[in-house]
Each structure stands twice: as structure tokens, then as C-alpha cells.
Asks: 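Before anything else, here's the structure in question.
For clarity, every value in this text was computed on a predicted model and none was experimentally measured. One is the number of the first residue; the rest follow in order along the sequence. In each ligand, atom 1 is the first atom listed, and ligand 1 is the first ligand listed.
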Amino acid sequence: MNVQALGIGYRYRRDPVLQEVSFTLASGRFHALLGPNGAGKSTLFGLLTRLLALQQGDLLLGDRSLRHQPAAVMRHMGVVFQQNALDLDLNVMQNLLYHAALHGMSPREARRRCAEELERQRLDAHARTPVRRLNGGHRRRVEIARALLHRPALLLLDEATAGLDLDSRAALNAHVRELCRERGLTVLWATHLIEEVGDGDRVLVLHRGRLLADETGEALCRRHGGTSLTETFHSLTREAVA
Ligand SMILES: Nc1ncnc2c1ncn2[C@@H]1O[C@H](COP(=O)(O)OP(=O)(O)OP(=O)(O)O)[C@@H](O)[C@H]1O
């Protein structure tokens with residue numbers, strides 16, 4: 001399902017935090033939303049997930065509008081927020097079952113989907129483990145399993161690797177790419193870490209509330225004559241400040 005952001009703008013008080021942000025996410029592809037701290041990534045996530053009310057613009061999922069058919073859009077969206085939001089005292093299965101109930105699944109359907117999702121995320125051995133006893137990488141995978149329980153077409157992840165060590169970060173990033181390839185999920189992965197972006201990924205560069213680029217890492221480097229994405233990103237954001 002294609003996703004289109006159309007002219008999204010937002011201000012908390014007087015100063016605009018997002019201005020005319022428009023982009024398209026291609027069905028079944030991994031997209032990186034790259035921006036330094038304070039660029040507006042979390043604000044954009046807040047708007048896409050309805051934590052914040054849209055002030056300007058809209059998001060279309062297929063032909064459904066977030067502004068006019070919010071429930072229909074949310075049904076096709078899974079979200080992993082920056083802050084870990086699992087109940088540490090419940091075990092993995094209990095966390096998932098609770099969430100499945102919120103989606104209105106019958107107990108039988110919920111158990112089936114939770115078991116299926118845990119197996120797909122290679123977490124089935126941890127079903128009865130209290131979340132408190134899981135490492136950070138596994139906790140994130142439980143959150144991804146939870147976000148996918150209702151089989152969304154679009155998965156949004158906001159700084160999903162925050163607080164993880166280098167190896168766990170790389171493993172989680174690879175895991176989400178695999179989900180994207182295998183299930184045709186459309187993914188928007190927000191990060192300030194350039195090393196989490198691959199040359200072939202579509203990269204949306206957000207800086208001070210404006211989208212500076214929306215193309216593959218390779219194309220971005222070629223267009224700006226940079227030898228690496230890191231160099232290109234830094235020269236792009238420097239130019240925008242000058
Ligand atoms: N509740 C708020 N009230 C006022 N200003 C805010 C609020 N939340 C964020 N901001 C401001 O909006 C701008 C964008 O912040 P946002 O958190 O969206 O950026 P970010 O790219 O997600 O950064 P980070 O990676 O640090 O989370 C920043 O200047 C921030 O100070």
C-alpha cells in the first residue's frame with residue numbers, strides 16, 4: 001500500500017517545527033527518516049500516529065485520509081515508539097495478548113496471532129519470560145511483534161535502536177529489513193544515526209523541520225558529489241543552515 005504525506009506543517013507555539021513536509025513511501029520498501037536531534041522526527045511521528053492533531057496537510061494510506069478517516073488509516077499502521085512501552089512485570093505473551101484484546105480480537109484469535117507473531121520474530125522460546133528479564137534487543141523485538149499483531153501494511157519505528165549496543169542495533173536493523181522483504185511491509189525507520197541507513201535505502205533527510213532530500217542514499221551522494229552518505233548528509237545540512 002503506498003503512503004503519501006501531503007504538505008504536513010506543525011507548530012507547538014509560534015515557531016514552525018515542521019514545514020510543508022511531503023513524501024511518498026513505496027509499498028514494501030524500507031525508508032529511512034534521517035535527521036539530527038531536534039529535526040522534527042518525533043513530531044512527525046506524533047502527527048502520523050495521532051498523538052498530535054494535524055494542523056496542516058494530510059497523510060494518505062492508499063486512498064484513505066488520516067484527516068478524514070483516521071480509524072481506517074490507523075488499522076493499517078503499526079508503531080514502535082522511541083520509549084519502551086511494555087509492561088515489565090508481565091511476560092511476553094501476556095503483553096501481546098493484552099494488546100490483541102485492545103484491537104478487539106477474540107481470545108482464541110489473539111492466542112493464535114500472538115503465537116504466530118512470536119514464532120516469526122524468533123521469540124517463541126521467550127513467550128513465558130517476564131519482559132523485565134529480556135535484553136534490550138529482545139524487548140524491541142517484542143514491541144515489533146506487538147506492532148504487527150493486527151497485520152498492518154505500514155510499520156513506523158521512531159529511534160527503535162535507542163539504548164541498544166552496537167551489535168543489537170545492527171541486528172534489529174537487519175531484522176526489520178528482513179520483515180520488509182519477506183512480508184512486503186512498508187517501513188519508515190526514523191534515526192539520527194547515518195550508519196543505520198543503507199546506500200540503496202530511500203532516505204528522507206529532515207532538518208529543522210524541512211525535508212531536504214527524498215531519494216536513495218546512492219542518488220543523494222551522486223547528486224551532491226559526496227563520497228559517503230555521512231559526508232553528503234553533513235554538507236547538505238550545513239548548506240541548509242548557511
Ligand atoms: N512539546 C513540545 N513543546 C514545544 N516544543 C517542542 C515540543 N516537543 C518538541 N519540541 C521542539 O520541536 C523541535 C523538534 O523536536 P522533535 O522531538 O520532533 O525532533 P526529533 O528530530 O525527534 O529529535 P530527537 O531525535 O532529539 O527526538 C525541537 O526544536 C523541539 O525542541
Asks: Got a salt bridge between Glu117 and Arg183, using NZ or NE/NH1/NH2 to carboxylate O under 4.0 Å?
Replies: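 Yes, this pair counts.
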Asks: Quick one: salt bridge (Lys or Arg N to Asp or Glu O under 4.0 Å) pairs with a partner in residues 67-95, sequence neighbours left out?
Replies: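 Only Asp89-Arg132 qualify under salt bridge (Lys or Arg N to Asp or Glu O under 4.0 Å).
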Asks: Protein residues near ligand 1, heavy-atom distance below 4.0 Å?
Replies: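 Lining ligand 1 at under 4.0 Å, by heavy atoms, one finds Tyr12, Arg13, Val17, Pro36, Asn37, Gly38, Ala39, Gly40, Lys41, Ser42, Thr43, Gln82, Glu159.
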Asks: Do Leu164 and Arg140 touch side chain to side chain, with heavy atoms closer than 4.5 Å?
Replies: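 Yes, their side chains come closer than 4.5 Å.
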Asks: Residues two or more places apart in sequence or in another chain: which of them pass side chain to side chain donor-acceptor pair (under 3.5 Å) with Glu196?
Replies: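 Side chain to side chain donor-acceptor pair (under 3.5 Å) check on Glu196 returns Thr161, Trp189, Thr191.
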Asks: Among all residues two or more places apart in sequence or in another chain, which pass the ring pair (Phe, Tyr, Trp, His ring centres under 6.0 Å) test with His175?
Replies: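 Ring pair (Phe, Tyr, Trp, His ring centres under 6.0 Å) check on His175 returns nothing, list empty.
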Asks: Considering only heavy atoms from C-beta outward, does the side chain of Glu195 approach that of Asn173 to under 4.5 Å?
Replies: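 A side-chain contact under 4.5 Å is absent here.
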